[in-house]
Amino acid sequence: MPYTGPLPKRAVTRVNACASALRSSPRWGRLVRKHLTIVTYTGRRSGRVFSTPVAYRRADDVVTIGVQMPDAKKWWRNFLDEGGPISLDLDGADRTGHAVARRDEAGRVTVTVRLDG
């Protein structure tokens, strides 16, 4: 049965810090950055800016993010319905785009980002 409770904030902070450190590692960074990016977005209710590492797949100007344990996370909910603006660190540069989150019949969540030209 999938985990649906909240993730302990301390654990999330540690995992995110490790993921960010790997991305900037001289030894592993180039490999890790091919599969892990940092998304930056503004909270729809708080108006605060957040950044979090996520795994992604990219095909041209479309980036797909499969949200693992979506019920234990909240960031992707900023992109429900019409979606919203997002920034991703790709190829050593910040790229902006429009993200839309969708939940399928099985409860899986995918965030699709169309990068700006």
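This structure is a prediction, so every number in the text was calculated from the model and none was measured. Heavy-atom basis, side chains included; hydrogens, waters and symmetry copies ignored.
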Hey, are the side chains of Val113 and Tyr56 touching, using non-hydrogen atoms and a 4.5 Å cut-off?
no

Got a donor-acceptor contact below 3.5 angstrom from the Arg44 side chain to the Phe79 backbone?
no

Ignoring hydrogens and geometry, is there a side-chain-to-backbone donor-acceptor pair from His98 to Glu82 under 3.5 Å?
yes

For Leu90 and Val63, what are the C-alpha separation, side-chain angles and deciding distance, and is it a side-chain contact (heavy atoms from CB on, under 4.5 Å)?
CA-CA 10 Å; Leu90 297 171; Val63 174; 4.0 Å; yes

Would a distance-only check, ignoring hydrogens and angles, find a side-chain to backbone donor-acceptor pair under 3.5 Å from Trp76 to Pro70?
yes

Minimum heavy-atom separation for Gly107 and Arg103, please, with both atom names.
O-NH1, 3.0 Å

Check Asn78, Val49, Leu88 against Tyr41 for a side-chain contact (heavy atoms from CB on, under 4.5 Å) and give me the one that passes.
Asn78

Would a distance-only check, ignoring hydrogens and angles, find a side-chain to backbone donor-acceptor pair under 3.5 Å from Lys73 to Gln68?
yes

Do Asp60 and Arg114 pass the salt bridge (Lys or Arg N to Asp or Glu O under 4.0 Å) test, and can you show the C-alpha distance, the side-chain angles, and the key distance before you say yes or no?
CA-CA 9 Å; Asp60 298 319; Arg114 300 213 179 275; over 6 Å; no

If I take atom CD1 from residue Ile38 and atom OG1 from residue Thr52, how far apart are they, to the nearest 0.5 angstrom?
7.0 Å

Assigning hydrophobic clusters by single linkage (Ile, Leu, Val, Met, Phe, Trp, Tyr; side-chain heavy-atom cutoff under 4.5 Å), is Val109 placed with Phe50?
yes

Evaluate the side-chain contact (heavy atoms from CB on, under 4.5 Å) criterion for residues Val111 and Val100: first the C-alpha distance (whole Å), next the side-chain angles of each, then the deciding distance (0.1 Å), finally the verdict.
CA-CA 5 Å; Val111 177; Val100 177; over 6 Å; no

Consider only side-chain N and O atoms of Ser87 and Thr40, and report whether a donor and an acceptor are under 3.5 Å apart.
no

On a heavy-atom basis, which atom in Ala99 and which in Ile86 lie closest, and how many Å separate them?
CB-CG2, 3.8 Å

Asp104 CG: over 12 foreign heavy atoms closer than 6.0 Å
yes

Contacts of type salt bridge (Lys or Arg N to Asp or Glu O under 4.0 Å), residue Asp61, not counting sequence neighbours:
Arg95

Charged N to carboxylate O below 4.0 Å: is that the case for Asp91 and Arg58?
yes

Distance check, rounded to the nearest 0.5 Å: Arg77 atom CZ versus Arg45 atom CZ?
9.5 Å

Within-4.5 Å side-chain heavy-atom neighbours: Thr64 and Thr110:
yes

In terms of side-chain heavy atoms, does Asp89 have a donor or acceptor partner in Thr37 at a distance below 3.5 Å?
no

Steps toward side-chain contact (heavy atoms from CB on, under 4.5 Å) verdict (Ile65, Val39)
CA-CA 10 Å; Ile65 302 165; Val39 296; 4.0 Å; yes

